[in-house]
Number of protein chains: 2
Amino acid sequence: MDAKEVLKAHVLKNTELTDEQFDYFFSLFELRKFKKGQVIISEGSLVDHEYFVIYGCLKSFFINEELKMFILQFAMPTWWASDFEALYNGTKAKIALDCISDAEVLCLSNANREKICREIHSVEHFFRWRTNKGYVASQKRLLSFMNNNVKFRYEELLKLYPELYNMVPKNLIAAYLGVSRETLSRLYHT
Amino acid sequence: MDAKEVLKAHVLKNTELTDEQFDYFFSLFELRKFKKGQVIISEGSLVDHEYFVIYGCLKSFFINEELKMFILQFAMPTWWASDFEALYNGTKAKIALDCISDAEVLCLSNANREKICREIHSVEHFFRWRTNKGYVASQKRLLSFMNNNVKFRYEELLKLYPELYNMVPKNLIAAYLGVSRETLSRLYHT
DNA sequence: CGGAAGGTGTGACCTACATCACATTTAAAA
DNA sequence: TTTTAAATGTGATGTAGGTCACACCTTCCG
């Protein structure tokens, strides 16, 4: 399935658009291919796009003063990623984004998103829906973080996204769970 | 300032609406007054409204099997609260909502929100904006949770919302920070 | 193909925070 | 105003997970 079809299926799941509307929507995206390890948003840069994953896996992450990395999201096909705070406020990126594997991504600029949201009511509806889903997921993750220990959270993550087990090295999984790689390793070995 | 003016100022900060549009929007809300301790959403119930705080302070929270409470949000004037997952999916509440102080709240039903979002493009825009803000805030909190210790998070919270210091008991602040009340107490005493 | 970098396992030890127990203070309710 | 419940402080002790150190093992690139 090509990029256009992937996006179309994703949007139509929740929003009704005519073919012409969707074609116009799609025309605002730019398809780009990235290599494993390639950086899409680097900390401190200006952010003017958000990214819809067609193929592969991205990570959005934060690195603190002690160079410890925290992963906010593993973005897999049909997921959206960016530093949304920087993107919406026009501030510099605190969250970086790069590729865990080779990836194919549809890029939408902030300006184009706002433009089409103004022009086509249904597209605004779609983005409301999308953001809402992200918000709910983020709240759930926060709650799980407060409530559950590492082992539980690890198994919860793998149950939700089994493909991560093979796709993503354990040290990155640890950075997502907010735990040291040693502790994660000791959950099943030792 | 009365409820209508509070909501109007809040909406107009980000969205243009004519007076007639706003009057219609406002007509879909019901103003309710609650007493301190009163429950608005109880765990397991069906959720069909979201709540815009005019006066006072609510908390949204989760209680786990061991009866430990985790607070997701202290909702103060101009904040929105509900169990948004249950509200959007029509499932039973996992998140409860009650009043920390006497409170005055504007209630909007899920059906009415969706209705007016369909009818008035700008209102849909407003809700997209609002949810986006919530999503960004939630991500930031998650990051702070992973990155910072209790003392830092406590001071960060008080800097952002100084009014909480007097308004909300420390055991609830602890439940928001995801820490035991004893540990919070020992930050400055002992 | 060979070397460098990235990823993983594991021991020894440390620390932030949890839990339990109980005393004291403050606030609400009768 | 008395009684009861909530909120808070503090000691003793337990534990999940962090940190540091080092070995080994892949993967990938020149």
Side-chain angles (χ1 to χ4, degrees), chain A residues 34-39 56-57 59 61 63-71 74 96 98-103 142 144-158 164-190, chain B residues 34-39 56-57 59 61 63-71 74 98-103 142-158 164-190:
Chain A
F34 293 98
K35 287 279 167 205
K36 177 174 179 172
Q38 216 175 327
V39 173
C57 184
K59 69 174 193 282
F61 60 99
I63 293 184
N64 74 5
E65 322 74 51
E66 296 106 48
L67 303 185
K68 197 163 156 178
M69 175 196 296
F70 300 94
I71 294 181
F74 294 117
D98 69 14
C99 302
I100 291 180
S101 66
D102 288 359
L142 184 67
S144 182
F145 211 94
M146 297 201 276
N147 195 12
N148 304 123
N149 65 17
V150 179
K151 188 167 187 185
F152 188 96
R153 282 173 7 239
Y154 179 54
E155 289 170 358
E156 182 180 57
L157 178 70
L158 290 184
L164 286 178
Y165 188 83
N166 300 305
M167 196 164 204
V168 176
K170 299 284 158 49
N171 58 340
L172 296 186
I173 303 262
Y176 179 90
L177 296 172
V179 79
S180 73
R181 57 163 205 85
E182 292 96 328
T183 297
L184 185 63
S185 165
R186 275 191 262 261
L187 287 182
Y188 297 96
H189 305 269
T190 304
Chain B
F34 293 98
K35 288 279 167 205
K36 176 173 179 176
Q38 217 176 327
V39 173
C57 184
K59 69 174 194 284
F61 60 99
I63 294 186
N64 74 5
E65 322 74 51
E66 297 106 46
L67 303 185
K68 198 163 156 179
M69 175 196 295
F70 300 95
I71 293 181
F74 293 117
D98 68 15
C99 302
I100 290 180
S101 66
D102 287 358
L142 184 67
L143 213 47
S144 182
F145 212 95
M146 297 200 279
N147 195 13
N148 304 122
N149 65 17
V150 179
K151 187 167 189 185
F152 188 96
R153 275 161 27 227
Y154 180 55
E155 288 170 358
E156 184 180 54
L157 178 68
L158 290 185
L164 287 179
Y165 188 82
N166 300 306
M167 194 164 206
V168 176
K170 299 283 158 51
N171 58 339
L172 295 185
I173 304 261
Y176 179 90
L177 296 172
V179 78
S180 73
R181 57 162 204 88
E182 293 95 329
T183 297
L184 184 64
S185 164
R186 274 189 264 261
L187 288 181
Y188 295 96
H189 305 268
T190 307

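What you see below is based on every heavy atom in this structure, not just the backbone, and it leaves out hydrogens, waters and symmetry mates.
Scanning for side-chain contact (heavy atoms from CB on, under 4.5 Å) contacts around A:S185 gives A:H189, with sequence neighbours left out. Remark: A:F61 pairs with no residue by the ring pair (Phe, Tyr, Trp, His ring centres under 6.0 Å) rule, at least two apart or across chains. With sequence neighbours left out, the side-chain contact (heavy atoms from CB on, under 4.5 Å) criterion links A:A174 to A:V179, A:R181, A:L184. Scanning for ring pair (Phe, Tyr, Trp, His ring centres under 6.0 Å) contacts around B:F70 gives an empty result, with sequence neighbours left out.
In the helix from C:dC1-D:dG30 to C:dA30-D:dT1, the rotation axis of the first five pairs and that of the last five pairs differ in direction by 50°, rounded to 10 degrees.
With hydrogens and angles ignored, the 3.5 Å screen pairs a side-chain donor or acceptor of A:D102 with a backbone N or O of A:K36. At distances below 3.5 Å, at least one donor-acceptor pair connects side-chain atoms of B:S101 with backbone N or O atoms of B:C57.
With a heavy-atom cut-off of 4.0 Å to chain B, the contacted part of DNA chain D has its first and last nucleotide at D:dA7 to D:dA12.
Only one option out of B:L164, B:N166, B:N171 pairs with B:V168 in a side chain to side chain contact (heavy atoms under 4.5 Å, CB included); it is B:L164.
A cation-pi contact, defined as under 6.0 Å to the ring centre and within 45° of the axis, is absent between B:K59 and B:Y176.
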Can you give one letter per nucleotide of nucleotides 18-30 of chain C, going 5' to 3': B for a protein heavy atom under 4.0 Å from the base, S for sugar-phosphate only, - for none?
-> BBBB------S--
5' to 3', nucleotides 2-7 of chain C under a 4.0 Å protein heavy-atom cut-off (B base, S sugar-phosphate only, - none) gives -----S
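Nucleotide C:dA16 holds its P atom 15 Å from the CG atom of B:N147, rounded to whole Å. Atom OH in A:Y154 sits roughly 12 Å away from atom C1' in C:dT8 (whole-Å rounding). To the nearest angstrom, C1' of C:dC17 lies 16 Å from OH of B:Y188.
Closest heavy-atom contact between B:I100 and B:L172: CD1-CD1, 4.1 Å. Closest of all the heavy-atom pairs between B:Q38 and B:D98 is O-CB, 3.1 Å. Heavy atoms only, all atoms of each residue included: B:G178 and B:F145 are closest at CA-CZ, 4.2 Å.
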Return all side-chain donor-acceptor pairs below 3.5 angstrom for residues 146-157 of chain A, not counting sequence neighbours, or 'none' if the list is empty.
residue : atom : partner : partner atom : Å
A:N147  : OD1  : B:N64   : ND2          : 2.8
A:N148  : OD1  : A:S144  : OG           : 3.1
A:N149  : OD1  : A:K151  : N            : 3.3
A:N149  : OD1  : A:F152  : N            : 2.9
A:R153  : NH1  : A:N148  : O            : 3.0
A:R153  : NH2  : A:L177  : O            : 2.4
A:E155  : OE2  : A:Y188  : OH           : 2.3
A:E156  : OE1  : A:S144  : OG           : 2.6

